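In what follows, residues are counted from 1 in the order of the sequence shown. In this text the structure is predicted, and so the values were computed from the model without any measurement. One-based numbering, in listed order, for ligands and for the atoms of each.
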Amino acid sequence: MRYSVDAGARHYYAIFFFCVFAIGRVSHADETQHPPAVAESLADAFRGRLKIGAAVEPAQLTEADGSLLVRQFNSVVAENAMKPADIHPREDTYNFAPADTIVDFAQRHHMAIRGHTLLWHKRTPDWFWIGKDGQPASRELVLERLRQHINTVVGRYKGKVYAWDVVNEVIDASQQNCLRNDKWMQVVGPEYISAAFRDAHAADPFARLFINDYSTHEPAKRDCLVRVIKGLLADGVPIQGVGHQMHISIYWPSVSSIDSSLTAFAQLGLENQITELDMSLYQHKDYRPATSLQQRLTFQGQRYGAVMALFLAHREVTAVTWWGVADDHTWLNVGNDVPGDDQPLLFDRSQQPKPAYWETLRGRPL
Ligand code: XIL
């Protein structure tokens, strides 16, 4: 009897020492393995706190970016496929296939979907402005077409797209009324914005509706956006959040200016989402690098760490979406006036994690 108790005790001692040894090995491995061989999932790291998204074109889904997307992200947005001129090229023709491809992929992989965008001056198809007789379309006809467009697109993805960028880039701080002086203003007047939000809400009452814009850290732009949103809220327009594109650089803007902007909208009781994040290695339109690539990539990592820490400190920030999956596909490298070698995202051109990835991950909630 005594013998068997001793044997049991020895047995437990053996298990105890084995566990101490094993835990020691694991924690030792954690300390020294930076970066680990296999990247942790960003989506998992921020689950329950932030949705982690990326913009995609349908063709990327079957390529290397597609598998990286599934491993690292839990939200998607169409880089172009849902824009009005892309999804609705003629009044009687919808081109749903590219957007459907992205939505089906996201659903198969249990990812959230943002919708971008229902109205944008740059991608409003010309047919919107031309009447049946070839004359300029009337205000009423344009508003009716907007209603039809929004009803059809939002209706099609009802219950699938959880948030819409209802209007994109409507603010212009150099205008007295803060609104861009585009066709929408000229033909409809400022009410096109409230009309778009009401139409979207009617088509899907559960979708969260955003006003999306760039350079929202600039005080004049931010103040204009606040003014326009206050007007919408006073009129009872259904708007839940502000989308901050966040096309930034390793050189600008200051983190504190982003902080002030997020705070301004939080104080209005709105949700903030970062909708198109990328961080250029260049100054704005100045492509002479001041330091080595290595230094800029390191600095990019530090800046990503700093902005992520800021987003996490803002409870009303609910999602961060990058404008691309990896550096092999970014809009910043398209065009004749750019060098084409910018690397603004978290993963390099071979889908490998960059310093930007590790620093973004570092701020994850424990
Ligand atoms: C860009 C796409 O990335 C490009 O492929 C396209 O040629 C032009 O539009 N702000 C926005 C996005 O709201 O829709 C833009 O996307 C980038 C700037």
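Side-chain contact, H244 with N272: a donor N or O sits under 3.5 Å from an acceptor N or O. There is no side-chain donor-acceptor pair under 3.5 Å between Q72 and S41. A donor atom on one side chain and an acceptor atom on the other are found under 3.5 Å apart for D341 and Y282. With hydrogens and angles left out, the side-chain atoms of H247 and E276 include a donor and acceptor closer than 3.5 Å. Side-chain contact of Q300 with K354: a donor-acceptor pair under 3.5 Å is present, judged by distance alone.
The protein heavy-atom contact nearest to atom 10 (N) of ligand 1 is E276 OE1, 3.0 Å. The protein heavy atom nearest to atom 1 (C) of ligand 1 is K83 NZ, 3.5 Å. Closest protein heavy atom to atom 7 (O) of ligand 1: N80 OD1, 4.3 Å. In this structure, atom 3 (O) of ligand 1 lies nearest to the protein heavy atom E79 OE2, 2.5 Å. Counting protein heavy atoms only, atom 17 (C) of ligand 1 is closest to W331 CZ3, 3.6 Å.
Environment of CG in D126: sparse, with no more than 12 heavy atoms of neighbouring residues, nucleotides or ligands closer than 6.0 Å.
Remark: K158 is not positioned above the aromatic ring of F206, lacking an NZ or CZ atom under 6.0 angstrom from the ring centre and at most 45 degrees off the axis. For the pair R208 and Y162, the NZ or CZ position fails the cation-pi test of under 6.0 Å to the six-membered ring centre and within 45 degrees of the ring normal.
At a 4.0 Å heavy-atom cut-off, ligand 1 touches W323 through the side chain alone.
Not one N or O of N212 is nearer than 3.5 Å to an N or O of ligand 1, by distance alone. Residue contacts with ligand 1: H116 is placed with a nitrogen or oxygen under 3.5 Å of a nitrogen or oxygen of the ligand (distance criterion only).
Between K122 and ligand 1 there is no heavy-atom distance shorter than 4.0 Å. In this structure, W120 counts as a contact residue of ligand 1, since one of its heavy atoms falls inside 4.0 Å of the ligand.
For ligand 1, the atoms closer than 4.0 angstrom to any heavy atom of N168 are 11 (C), 13 (O).
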